[in-house]
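Heads up, the thing below is written out as C-alpha cells.
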Amino acid sequence: MLFSENFKIALRALRANKLRSILTMLGIVIGVATVVALLALGDGVTASITSDIQGTGTNLLTVSPGRQQNDGPPGADQAQKISYLYYSDYQLLQRGLIDNVTAIVPSYQSSYTIKFDKESFSVSVTGVTKDYQDIRSYTVAEGRFITEGDNKSQSLVAVLGSQTAEDLFGSLSPIGKKISVNGIKFEVVGVLESKGSSGFGSSDDAVFIPLETGYIKLFGSTATYNDKKIVNNIYISVTTTEMMDTVSAQTSYMLRRSHKLAASDELDFTVQSQTDLLETLNTITNTLTVFLGAIAGISLLVGGIGIMNIMLVSVTERTKEIGLRKAVGASRNQILTQFLIETMTLSLLGGVVGILLGAGIATVFTLTGLITAVITANAILLSFTFALAIGVFFGLYPAFRAANLHPMEALRYE
C-alpha cells in the first residue's frame, strides 16, 4: 500500500472516534505547547539579560570589593572582616593602566531621601566623575552630565535619572531647580534618557552627583575606613575585546600588591568582565530552562502513554479488520506501517496544535510587557521532532501487536 493510502486510512480511523482522538492528543498538545513557550521565554530572558549587560558599556571590567570573610578558626566566635575598595586603588590603576585602556572611573553609591516641594522619597545617589557617562553608556536627554570642574570645585549639582525626574517634577523641566538630598540643596543640571529597568536595578531611579562633592558634603563617615575614602566599584573601559584578559590580569596584580596579599591569600576584590557575567547568567537561565523543560517532558511522556493505550484499544476493536486484511494478502509490514502511521498522525497533529498554542502563550507574555518572548525555528523544530519521536516510540508496541495477529484467530475474534 502507498503511504498516502495508509495516511487516509489513519485519518478515517481518527475521525471515526473524534472525541477519543482529541482527548488522546491533549497530553501531546500540552507538552509541546509547554516546551515551545518555555524555550521562547528562556530565549527572551537570555536576550534581555544580554542586552542589559551590553548596555552598561562596551568592553567593560568591573572591580568590586570581595566577599565578607571570617576571622578565627571554624566553629569559634568569628568577627566579620569586610573587604573594601579605596579611592587610592582607583588612583593606582589610573597611573598604572595606561595601555589598552580608554577610561577608568570610580563610584560610590548610597541611598538618601530626596525632596522637591511636597514630593519626597528614597533613591540611590551615586558619586561619579566625568567619564562615568561614557563608560556606562548613558545619554543626556536634557542639560549636561557631571564635569571635571564640578568635582574640582565640589559643586552642589545633580543629574537625575528619567524616572526620578518624572516622580519629582512631573511634566516640568527640572533644569536649574534645586532638590534636597539628605537635607543638602543640589541644583539639577541634567536629566538622563531612560534605559529601562533590569535584574540589576533601574538606572532611571537614580541621582548622580560629583564624587568629590559626595565625599566632602554628603556621604560622611560611611564612605571612609581608616581615614581612607571608599569606592563601591571601579569601572575600566578596555580598548578591544581581545585585551580584556590582559587588562584584567594587570588589574588583579596591581591590586594584590596594593592590598599586600600573598600569592596564597584569597583575593579581597573581584575583577569581572561582561563575558564572565553573561556566562554565569546564561548558565543559570539554561539550567532553569532545562528543569522546566523536563517538567514539560513529563507531560509528553503521559501523552505518549495515552496514545499507546488508545492504540491498544484500537487494535482490539479492529481485530477482525486486521484478520480480514491479512486473509486477502496484507503483509505483516503493511499492517505495522498502517498502525505506526496512525500513532504518528495523532502525535504530529497534537504537535502542530501544541506549537500554535505555545506560540500563542509566548505572544501573550510579550503583549503584557513582562518579557519579550523569542520564538526560534530551533524551538519549533525541536518540539515537532519530540512529537514525532513520541508517536514512533509509543506506537511501536501496538503496531507490532497488530502485525503479529494470526489471520484465522483474528477472524474468529468476538
Side-chain angles (χ1 to χ4, degrees), residues 55-57 85-88 90-91 94 103-198 200-224 228-235 237:
T56 61
L85 275 180
Y86 301 100
Y87 189 80
S88 58
Y90 152 70
Q91 293 174 315
Q94 194 176 41
I104 304 176
V105 171
S107 70
Y108 181 85
Q109 178 180 314
S110 190
S111 293
Y112 295 98
T113 299
I114 63 172
K115 296 181 180 179
F116 177 76
D117 199 13
K118 296 180 181 180
E119 298 294 335
S120 174
F121 51 87
S122 180
V123 73
S124 170
V125 179
T126 306
V128 299
T129 58
K130 70 179 182 68
D131 291 325
Y132 189 88
Q133 175 190 354
D134 294 330
I135 210 170
R136 296 301 305 276
S137 301
Y138 285 108
T139 302
V140 175
E142 188 178 0
R144 64 174 177 84
F145 198 70
I146 305 299
T147 65
E148 186 175 356
D150 292 330
N151 269 291
K152 284 183 178 180
S153 61
Q154 299 165 17
S155 302
L156 291 168
V157 295
V159 176
L160 307 183
S162 60
Q163 188 62 52
T164 300
E166 182 179 339
D167 292 342
L168 279 179
F169 297 96
S171 59
L172 297 176
S173 173
I175 304 301
K177 295 182 173 58
K178 293 195 174 183
I179 61 172
S180 171
V181 181
N182 201 37
I184 302 171
K185 296 291 185 180
F186 283 79
E187 181 183 348
V188 179
V189 295
V191 177
L192 300 177
E193 283 189 2
S194 175
K195 291 185 73 172
S197 59
S198 68
F200 310 100
S202 174
S203 57
D204 298 338
D205 291 313
V207 175
F208 300 94
I209 64 172
L211 182 59
E212 292 296 337
T213 303
Y215 283 137
I216 300 301
K217 301 178 181 179
L218 181 64
F219 300 145
S221 60
T222 59
T224 60
K228 296 173 70 175
K229 293 185 288 188
I230 298 170
V231 296
N232 295 132
N233 295 291
I234 300 172
Y235 300 101
S237 179

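Source: prediction; values computed, not measured. Throughout, residue positions are numbered sequentially from 1 according to the sequence presented. Reckoned from all heavy atoms, side chains included, excluding hydrogens, waters and symmetry mates.
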Mind running side-chain contact (heavy atoms from CB on, under 4.5 Å) on Thr113 and Asn182 for me, showing each step along the way? CA-CA 5 Å; Thr113 299; Asn182 201 37; 5.8 Å; no
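- Counting heavy atoms from C-beta outward, Ile230 and Thr224 have side chains that stay 4.5 Å or more apart.
- Across all their heavy atoms, Ala206 and Val123 have their closest contact at N-CG2, 3.8 Å.
- To the nearest 0.5 Å, the span separating OG1 on Thr139 from CD on Gln133 amounts to 7.0 Å.
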Test side-chain contact (heavy atoms from CB on, under 4.5 Å) on Phe121 and Ile114; report intermediate values, then the result. CA-CA 6 Å; Phe121 51 87; Ile114 63 172; 3.7 Å; yes
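- Here the closest non-hydrogen pair linking Val191 and Pro174 is CG2-CG, 3.6 Å.
- The distance from the OG atom of Ser88 to the CD atom of Gln94 is 12.5 Å, given to the nearest 0.5 Å.
- The side-chain tip of Lys229 does not point at the ring of Tyr108 from less than 6.0 angstrom away and within 45° of straight on.
- No more than 12 heavy atoms of other residues, nucleotides or ligands shown are found within 6.0 angstrom of NZ on Lys115.
- At least one donor-acceptor pair closer than 3.5 Å links the side chain of Asp204 to the backbone N or O of Lys195.
- Side-chain contact between Pro210 and Gln154 is absent, with no heavy-atom pair separated by less than 4.5 Å.
- Among all heavy-atom pairs drawn from Gly176 and Glu187, the shortest one is CA-OE2, 3.8 Å.
- To the nearest 0.5 Å, the span separating CD on Glu166 from OG on Ser194 amounts to 9.5 Å.
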Run the side-chain contact (heavy atoms from CB on, under 4.5 Å) test on Val181 and Ile209 for me, step by step, so that the C-alpha distance in whole Å, both residues' side-chain angles and the decisive distance to 0.1 Å come before the verdict. CA-CA 10 Å; Val181 181; Ile209 64 172; 5.7 Å; no
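- At distances below 3.5 Å, not a single donor-acceptor pair connects side-chain atoms of Lys178 with backbone N or O atoms of Phe116.
- Nearest heavy atoms, Ser107 versus Thr126: CB-CG2, 4.0 Å.
- In terms of modelled atom types and a separation under 3.5 Å, the side chain of Asp205 and the main chain of Gln163 share no donor-acceptor contact.
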List the steps, then state whether side chain to side chain donor-acceptor pair (under 3.5 Å) holds for Glu148 with Thr129. CA-CA 7 Å; Glu148 186 175 356; Thr129 58; over 6 Å; no
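- Enclosure of atom NZ in Lys177 by more than 12 non-hydrogen atoms of other residues, nucleotides or ligands within 6.0 angstrom is indicated.
- Between Asp167 and Glu119, the closest side-chain pair of non-hydrogen atoms is not below 4.5 Å.
- Classification of the Phe208-Phe145 ring pair by plane angle, with boundaries at 30° and 60°, yields tilted.
- Put simply, the side chain of Val159 reaches to within 4.5 Å of the side chain of Ile146, judged on heavy atoms.
- Applying the salt bridge (charged side-chain N to carboxylate O under 4.0 Å, His left out) test to Lys118 and every residue at least two apart in sequence or in another chain returns nothing.
- Put simply, the side chain of Phe186 does not reach to within 4.5 Å of the side chain of Leu160, judged on heavy atoms.
- The closest side-chain heavy-atom distance from Leu168 to Ile179 is below 4.5 Å.
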Please step through side chain to side chain donor-acceptor pair (under 3.5 Å) for the pair Tyr87 and Gln91, ending with a clear verdict. CA-CA 6 Å; Tyr87 189 80; Gln91 293 174 315; 4.7 Å; no
Please lay out, stage by stage, how Ser162 and Glu193 fare under the test side-chain contact (heavy atoms from CB on, under 4.5 Å). CA-CA 6 Å; Ser162 60; Glu193 283 189 2; over 6 Å; no
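- Counting all heavy atoms, side chain and backbone alike, Leu211 lies closest to Gly127 at CD1-O, 3.5 Å.
- Between Asp150 and Arg144 there is a salt bridge, since at least one side-chain N of the basic residue sits less than 4.0 Å from a carboxylate O of the acidic one.
- The shortest non-hydrogen separation linking Pro106 to Ile104 is CD-O, 4.2 Å.
- The aromatic rings of Tyr112 and Phe219 lie parallel to each other, their planes meeting at an angle below 30°, with 60° marking the opposite boundary.
- Using a 4.5 Å heavy-atom cutoff, the side chains of Leu218 and Val125 are in contact.
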